Amino acid sequence: MPLAEAMMTQRAIRRVYSDPVDDAVVLKCIELALRAPTGNDGQNWEFIVVKDRHVKEELARRYRQAWKIQRGVVLRRKIKTDESIAGIARAMEWQIDHFAELPVLVVACLRLGAREGRLPVVRMPHIAESAYWGSIYPSVQNLLLAARAMGLGASLITLPLWNQRAVRRVLRLPHAVTPCCIVPLGWPRGRYGPTTRKPVGEVAHLDGYGDLAWRDS
């Protein structure tokens, strides 16, 4: 699939069949994820491929806990007034209800060096924090595009990871490895297609914020 087509038709696919996905397909997606750049060429990714139902159920329980808070506190009004948000909420609730049935969960993690130890509890300076997360999300986007090119449904979620201590225990992660997000993979129940986005002229500013030089072009 041409890269531009994969980008133009990529969307979060949360409803997928429980049919198994061949290991070779999953590993190919991860192989392509590894082609992404990382800070200082650290290549400090780790990917946990979860297929065990018990592990999925543990992650599903934490997903459900976090979603209950987000839906009730953050999205309650938007769900009632915005049909697009309501549709996303329905898809997320389907994913939560069927989380243990999803064939594969890929947990993308970052490994810190031995000197750095675990990610500190205190907030890092912005430049350090930006560099840290910038070493995982290019590879995750590669993974999502690879899944799209292979016809797999995929989405990026973080809510199941809200309790880091519990997730580390479930996935047997050492302190130096931090789980960053989860990408469920499966054969889609829905279909990919063009997404609705703002025109580039409404978000591209020239030389500084506010000069929408291309808004009317």
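These figures come from a predicted structure and were not determined experimentally.
- For Glu57 and Arg61, the salt-bridge test fails: no basic side-chain N is under 4.0 Å from an acidic carboxylate O.
- Each of Gln164, Arg165, Arg172 was evaluated against Arg168; a single residue qualifies, Gln164, per the side chain to side chain contact (heavy atoms under 4.5 Å, CB included) test.
- One finds the CG atom of Leu59 at 12.0 Å from the CG atom of Leu159 (value rounded to the nearest 0.5 Å).
- The two residues Leu143 and Ile30 have their closest heavy-atom pair at CD1-N, 4.0 Å.
- Ile48 and Trp162 are assigned to two separate hydrophobic clusters, defined by single-linkage of ILVMFWY side chains at heavy-atom distances under 4.5 Å.
- Using cut-offs of 30° and 60° for the angle between ring planes, the Tyr209 and His205 rings count as parallel.
- At least one side-chain heavy atom of Tyr63 sits less than 4.5 Å from a side-chain heavy atom of Met92.
- Atoms CZ and CD1, from Arg111 and Ile136 in turn, are 10.5 Å apart once rounded to the nearest 0.5 Å.
- The two residues Thr38 and Ser135 come nearest to each other via the heavy atoms CG2-O, 3.4 Å.
- The side-chain hydrogen bond (donor to acceptor under 3.5 Å, both in side chains) analysis of residues 141-154, with sequence neighbours excluded, yields the pairs Thr9-Arg148, Gln10-Gln141.
- Arg90 has a carboxylate O that lies under 4.0 Å from a charged side-chain N of Glu83, or vice versa, which qualifies the two as a salt bridge.
- Looking at heavy atoms from C-beta onward, Arg14 lies in side-chain contact with Ile88 at the 4.5 angstrom threshold.
- When side chains are defined from C-beta on, Pro184 counts as touching Phe99, because their heavy atoms get closer than 4.5 Å.
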Ile182 and Val106: CA distance, side-chain angles, deciding distance, side chain to side chain contact (heavy atoms under 4.5 Å, CB included) verdict | CA-CA 6 Å; Ile182 299 178; Val106 179; over 6 Å; no
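- One finds the CD atom of Glu58 at 7.5 Å from the CZ atom of Arg169 (value rounded to the nearest 0.5 Å).
- Between Tyr17 and Arg189, the closest side-chain pair of non-hydrogen atoms falls below 4.5 Å.
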Going through the checks in order, is the side chain to side chain contact (heavy atoms under 4.5 Å, CB included) test met by Cys181 and Val140?
-> CA-CA 9 Å; Cys181 66; Val140 172; 3.7 Å; yes
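- The shortest side-chain heavy-atom distance between Cys109 and Val107 falls under the 4.5 Å cut-off.
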Assess whether side chain to side chain contact (heavy atoms under 4.5 Å, CB included) is satisfied between Lys51 and Asp23, documenting all intermediate values.
-> CA-CA 10 Å; Lys51 299 199 294 182; Asp23 287 353; 2.7 Å; yes
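- Tracing side-chain contacts under 4.5 Å through hydrophobic residues (I, L, V, M, F, W, Y), one reaches Leu110 starting from Tyr137; they form part of the same cluster.
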Could you go step by step and tell me if Lys68 and Gln65 meet the side chain to side chain contact (heavy atoms under 4.5 Å, CB included) rule?
-> CA-CA 5 Å; Lys68 184 177 181 180; Gln65 292 168 342; 6.0 Å; no
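- Taking the side chain as every heavy atom from C-beta outward, Val26 and Leu152 never approach each other to under 4.5 Å.
- Using modelled atom types, one finds no donor on one side chain facing an acceptor on the other under 3.5 Å when comparing Asp97 with Gln95.
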Could you please spell out the steps behind the salt bridge (Lys or Arg N to Asp or Glu O under 4.0 Å) verdict for Glu93 and Arg71?
-> CA-CA 10 Å; Glu93 287 169 348; Arg71 192 186 195 285; 2.4 Å; yes
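- We find that Lys56 and Glu101 are not joined by a salt bridge, their nearest charged nitrogen and carboxylate oxygen being 4.0 Å or further apart.
- Taking 4.5 Å as the limit, some side-chain heavy atom of Ser139 sits within range of a side-chain heavy atom of Phe47.
- Considering all non-hydrogen atoms of both residues, Met150 and Cys29 come closest at SD-SG, 3.7 Å.
- In terms of heavy-atom proximity, Trp187 sits nearest to Pro20 at NE1-O, 3.4 Å.
- Residues Leu212 and Glu202 are not in side-chain contact: their nearest non-hydrogen atoms beyond the backbone lie 4.5 Å or more apart.
- The environment of CG in Asp22 is crowded: more than 12 heavy-atom neighbours from other residues, nucleotides or ligands sit within 6.0 Å.
- Remark: Val16 pairs with Ile13, Leu102, Pro103 by the side chain to side chain contact (heavy atoms under 4.5 Å, CB included) rule, at least two apart or across chains.
- Environment of CE in Met1: crowded, with over 12 heavy atoms of neighbouring residues, nucleotides or ligands closer than 6.0 Å.
- Both Leu185 and Leu34 sit in one connected hydrophobic cluster of ILVMFWY residues. Membership requires side-chain heavy atoms under 4.5 Å apart, directly or through other members.
- Val104 and Leu145 fall into different hydrophobic clusters, where Ile, Leu, Val, Met, Phe, Trp and Tyr are joined by side-chain heavy atoms under 4.5 Å apart, directly or via other members.
- Minimum interatomic distance between Val167 and Pro160 (heavy atoms only, all atoms of both residues): CG2-O, 3.5 Å.
- Between the Asp52 side chain and the His54 main chain, a donor and an acceptor come within less than 3.5 Å of each other.
- Residues Leu156 and Tyr132 are members of one and the same hydrophobic cluster, defined by side-chain heavy-atom contacts under 4.5 angstrom among Ile, Leu, Val, Met, Phe, Trp and Tyr.
- Of all non-hydrogen atoms in Ala36 and Trp45, the two that sit nearest each other are O-CZ2, 3.5 Å.
- The distance from the CD atom of Glu46 to the CG atom of Leu171 is 12.5 Å, given to the nearest 0.5 Å.
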